[in-house]
Amino acid sequence: MKNRKSTFIRVSTLATYPDCERRGAARLFRREIDAAGFKLRQTPYGIGAAVGTAVHKGVAVELGEAATAGRLPPVSVPLDAAVESLTEQLALGEVAFDGKRGPTQNRGQAVHQAASMVRTYHANVAPKLKPITVEHRLEAEISPGFVLSGQSDQVCREPQSIRDLKTGTRSPASVSAQIGGYSLLNRSHNMTIDTASMDWIKRVSERVEQPPPVSQTVKLLHAETAASMVLAHIMLGIKTFRQGDPERGILPGDPWAFLANPSSILCSAKWCPAHGTEFCHEWSEKEQ
Ligand code: SF4
């Protein structure tokens with residue numbers, strides 16, 4: 001049974017967890033790791049994430065309307081929602097823009113990109129969908145004391161499918177575990193899922209024409225297996241961090257409860273809250 005002491009695992013963390021388990025743990029279990037005496041860093045909130053959140057907001061508003069009214073609203077509806085979301089995020093003043101070589105160096109470029117990305121989704125993907133739920137949060141106990149929690153971007157009918165939306169300058173390396181996690185969640189709530197796919201919209205410089213979304217089918221069985229395997233690693237890691245593992249010489253509170261991967265492309269102060277802290281020294285070896 002789920003209770004207040006349950007450990008919650010967000011589906012959105014499954015895709016990147018295997019890239020460096022320790023970084024994944026720092027994101028998932030920050031409070032617990034800090035309570036054990038480590039001081040994890042805050043990583044900057046980048047403009048890529050802000051634009052992505054705005055595009056998701058626009059898409060959620062238009063597909064939410066399609067789910068209830070049975071037809072898509074005009075493009076002005078998702079555009080307004082996306083720009084409003086971006087404006088709210090930028091007003092907080094904590095968003096880090098790209099450097100000189102990145103595509104988003106100021107507010108005007110960010111607004112232009114979010115709008116272009118929403119327009120291309122509205123024109124190329126949205127008309128094909130029959131959404132029944134949009135960003136609907138689900139939870140399920142996957143093992144005693146562990147709850148999986150998340151919301152897939154959309155669950156559609158005909159065929160019963162999950163679709164997830166990704167944005168960014170690079171195509172996501174692997175989405176299987178995340179999609180598999182959404183599938184497991186929907187299945188645990190008696191929703192039949194037959195197919196899964198991911199739509200990726202590239203964030204490009206305003207000087208470049210916005211490319212259309214790239215849609216990719218995800219093998220459901222493979223995705224669910226990937227999700228189950230990653231979840232098993234997460235649960236073993238946090239149990240070991242709490243209790244230690246004498247057979248492996250790991251004491252309670254030892255960062256080695258979680259494998260570290262300093263070869264990860266995201267092993268840097270920009271992306272990892274453990275970088276430069278007592279929770280991880282492995283990054284320093286590669287910089288010698
Ligand atoms: S600093 Fe590098 S090796 Fe250490 S947790 Fe972060 S990404 Fe992993």
Side-chain angles (χ1 to χ4, degrees), residues 7-53 94-99 101-102 104 146 148-150 166-181 200 203 226-245 247-288:
T7 300
F8 284 75
I9 300 172
R10 298 186 303 278
V11 176
S12 57
T13 61
L14 299 187
T16 53
Y17 190 84
D19 183 49
C20 177
E21 296 193 5
R22 199 172 302 173
R23 184 182 66 237
R27 288 189 178 147
L28 257 173
F29 307 119
R30 174 178 207 107
R31 210 176 297 168
E32 193 164 340
I33 291 167
D34 278 345
F38 299 100
K39 220 165 169 29
L40 296 172
R41 299 169 43 257
Q42 294 290 346
T43 47
Y45 184 57
I47 188 63
V51 170
T53 298
E94 292 164 0
V95 176
F97 284 96
D98 288 338
R101 282 185 292 176
T104 319
F146 287 94
L148 183 62
S149 157
K166 297 281 178 211
T167 60
T169 53
R170 271 184 297 207
S171 163
S174 168
V175 292
S176 287
Q178 187 175 351
I179 298 248
W200 172 57
R203 177 168 56 98
S228 298
M229 288 304 296
V230 176
L231 285 167
H233 275 251
I234 292 173
M235 290 188 286
L236 176 65
I238 192 63
K239 278 182 194 165
T240 305
F241 186 71
R242 288 169 183 164
Q243 300 157 13
D245 181 350
E247 272 187 28
R248 289 189 284 160
I250 299 176
L251 295 171
D254 190 332
W256 276 109
F258 308 102
L259 271 179
N261 175 20
S263 300
S264 163
I265 196 171
L266 301 181
C267 182
S268 69
K270 182 177 177 187
W271 300 109
C272 179
H275 194 276
T277 76
E278 290 298 314
F279 192 58
C280 187
H281 293 281
E282 278 43 66
W283 60 272
S284 61
E285 288 177 14
K286 76 171 182 179
E287 295 185 0
Q288 281 169 6

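Read the numbers this way: they start at 1 and go in the same order the structure lists the ligands and their atoms.
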Would you indicate which of S263, C272, P273, C267 comes nearest to atom 6 (Fe) of ligand 1 when only heavy atoms are counted? C272

Please list, in number order, the atoms of ligand 1 under 4.0 Å from a heavy atom of W283. 1 (S)

Within C280, is some N, O or S atom less than 2.8 Å away from atom 4 (Fe) of ligand 1? yes

Going by heavy-atom distance to atom 3 (S) of ligand 1, choose the closest among G24, P262, A26. P262

Considering the heavy atoms of C20, write down every atom of ligand 1 situated less than 4.0 Å from one of them. 3 (S), 5 (S), 7 (S), 8 (Fe)

Regarding T240 and D245, do their side chains bring together a donor and an acceptor under 3.5 Å, going by distance alone? no

When you measure from the side chain of R41 to the backbone N and O of C272, does any donor-acceptor pair fall under 3.5 Å? yes

Can you tell whether the side chains of D254 and R248 come within less than 4.0 Å, N to carboxylate O? no

Provide the number and element of each atom of ligand 1 under 4.0 Å from a heavy atom of N261. 3 (S)

Is it true that atom CH2 of W271 has more than 12 heavy atoms of other residues, nucleotides or ligands lying nearer than 6.0 Å? no

In terms of relative ring orientation, are F38 and F279 parallel, tilted or perpendicular, with 30° and 60° separating the classes? perpendicular

